[in-house]
K.L.:
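Would you mind keeping the following structure in view while I ask a few things?
Atom set for the values below is all heavy atoms of this structure, side chains included, hydrogens, waters and symmetry mates excluded. Everything quoted here is computed from the prediction, not taken from an experiment.
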Amino acid sequence: MTEVSIIASKSRATFNVPFQIGENVFSMKFDTGAASTVISSEIFIDEMTEEKKSTIKNFLQERNVIGIEFTSASGDCFVGYLIHANGVVVDEAVFADFYYYLVLDNKRVIALLGDDFIDHCEFQHNVHGDIVITGFDFAEYGNFDGAMENDELLYFLDETVTNRNESR
């Protein structure tokens, strides 16, 4: 267990953790009800269209990136593609390795920090307060096979998906 300092800030009925993956800064919901960490493609690409989603999906499938079907709490089904990112900043802690499932087809934009991450955290939750993560088991976290590297994905998104839209 490695000592870390991460705060999941209480905001109404949810707890949010600040994240940075590459140049993208956003909040993730600390969600003990989510089995896996999932992030919508809209976090990385503005104005996501069906054409852009199709282009990204083809790119991921051509590279045999693992896709897993999920069912949301509301019963909606969607697929997430396994991505491995380096140097992810979680609040003030830097993670050399971080795994998430990229979601292309979902009714709403989501960014959920799931149990595949939370299970490796040592944390406390005071009554009516924030969740304070004080330790993380880096030794046991990860070992996901079949993940695409986040840098390759972001390069593809920047060079192909974004530029194709600008050239029209």
Side-chain angles (χ1 to χ4, degrees), residues 1-46 48 53 56 60 65-151 153-154 157:
M1 187 71 60
T2 303
E3 191 174 309
V4 295
S5 177
I6 300 170
I7 306 291
S9 300
K10 184 174 182 176
S11 175
R12 297 184 184 186
T14 63
F15 296 88
N16 297 302
V17 180
F19 260 76
Q20 181 173 355
I21 298 178
E23 299 296 316
N24 302 283
V25 178
F26 56 99
S27 289
M28 299 229 350
K29 179 180 176 184
F30 188 92
D31 191 348
T32 57
S36 300
T37 299
V38 294
I39 302 174
S40 293
S41 55
E42 288 85 350
I43 298 292
F44 304 106
I45 293 285
D46 294 328
M48 184 60 73
K53 288 179 184 180
I56 297 165
L60 294 166
V65 178
I66 292 175
I68 294 180
E69 189 169 298
F70 296 98
T71 303
S72 71
S74 61
D76 296 321
C77 293
F78 58 91
V79 174
Y81 295 91
L82 184 59
I83 307 295
H84 170 252
N86 298 105
V88 173
V89 180
V90 182
D91 196 8
E92 295 180 8
V94 178
F95 285 71
D97 296 296
F98 182 78
Y99 295 87
Y100 66 94
Y101 289 90
L102 180 71
V103 176
L104 297 169
D105 298 312
N106 196 30
K107 291 182 179 178
R108 60 188 180 93
V109 176
I110 56 175
L112 306 175
L113 191 59
D115 194 55
D116 55 351
F117 181 89
I118 295 170
D119 188 50
H120 300 284
C121 295
E122 183 173 85
F123 62 90
Q124 70 178 40
H125 174 221
N126 295 322
V127 177
H128 307 297
D130 296 335
I131 294 172
V132 180
I133 302 169
T134 57
F136 193 82
D137 187 359
F138 287 97
E140 293 297 319
Y141 176 70
N143 301 323
F144 292 87
D145 292 326
M148 168 171 270
E149 292 301 317
N150 193 70
D151 290 346
L153 173 67
L154 294 180
L157 295 177

K.L.:
In the structure I gave you, are the side-chain heavy atoms of D97 and N86 within less than 4.5 Å of one another anywhere?
P.N.:
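Of all side-chain heavy-atom pairs linking N86 with D97, at least one is under 4.5 Å.
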K.L.:
Using 30° and 60° as the class boundaries, would you call the ring planes of H120 and F136 parallel, tilted or perpendicular?
P.N.:
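Rings of H120 and F136: tilted, 30 to 60°.
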K.L.:
For S27 versus A111, what's the shortest heavy-atom pair and its separation?
P.N.:
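So the two residues come closest at O-CB, 3.6 Å.
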K.L.:
Side chains of I43 and V109: does their closest heavy-atom pair fall under 4.5 Å?
P.N.:
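Yes; the side chains approach each other to less than 4.5 Å.
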K.L.:
Which heavy atom in L102 sits nearest to a heavy atom in I83, and how many Å separate them?
P.N.:
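L102 and I83 have their closest heavy atoms at CB-CG1, 3.9 Å.
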K.L.:
For the pair F15 and L113, evaluate side-chain contact (heavy atoms from CB on, under 4.5 Å) and give the outcome as yes or no after the intermediate values.
P.N.:
CA-CA 10 Å; F15 296 88; L113 191 59; over 6 Å; no
K.L.:
Check E42 with K53, please: is the shortest side-chain N to carboxylate O separation under 4.0 Å?
P.N.:
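Here K53 pairs with E42 in a salt bridge, since their nearest N and O are under 4.0 Å apart.
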K.L.:
Between L157 and I56, is there a side-chain heavy-atom distance shorter than 4.5 Å?
P.N.:
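Yes, at least one pair of side-chain atoms sits under 4.5 Å.
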K.L.:
Are any of the side-chain heavy atoms of Y100 and V88 separated by less than 4.5 Å?
P.N.:
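They are not in contact (no side-chain heavy atoms under 4.5 Å apart), so the answer is no.
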K.L.:
What closest approach, in Å, do K107 and D76 show between heavy atoms, and which atom pair accounts for it?
P.N.:
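Nearest pair, atom of K107 first, then D76: NZ-OD1, 3.3 Å.
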K.L.:
Does any part of the side chain of I6, heavy atoms only, come nearer than 4.5 Å to the side chain of F123, both counted from C-beta?
P.N.:
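Side-chain contact under 4.5 Å: no.
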K.L.:
Taking all heavy atoms of F78 and all of D105, pick out the closest pair and write down the distance.
P.N.:
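What the structure gives for the nearest pair is CB-O, 3.1 Å.
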K.L.:
Treating T37 as the side-chain partner and G114 as the backbone partner, does any N or O pair qualify as donor plus acceptor under 3.5 Å?
P.N.:
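Yes; at least one donor-acceptor contact below 3.5 Å.
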K.L.:
Ring-plane angle category for Y99 and H84, please: parallel below 30°, perpendicular beyond 60°, tilted otherwise.
P.N.:
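Plane angle between 30° and 60°, so tilted.
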K.L.:
Answer yes or no: is there a side-chain heavy-atom contact under 4.5 Å between I21 and I39?
P.N.:
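A side-chain contact exists here, since the closest heavy-atom pair is under 4.5 Å.
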K.L.:
Does the side chain of F117 come within less than 4.5 Å of F95's, by heavy atoms?
P.N.:
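With C-beta onward as the side chain, the pair touches.
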K.L.:
Nearest heavy-atom pair of S5 and D91: which atoms, and what distance?
P.N.:
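In this case the closest contact between S5 and D91 is O-OD2, 3.9 Å.
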K.L.:
Using a 4.5 Å cut-off on heavy atoms from C-beta on, say whether the side chain of L60 contacts that of L104.
P.N.:
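A side-chain contact exists here, since the closest heavy-atom pair is under 4.5 Å.
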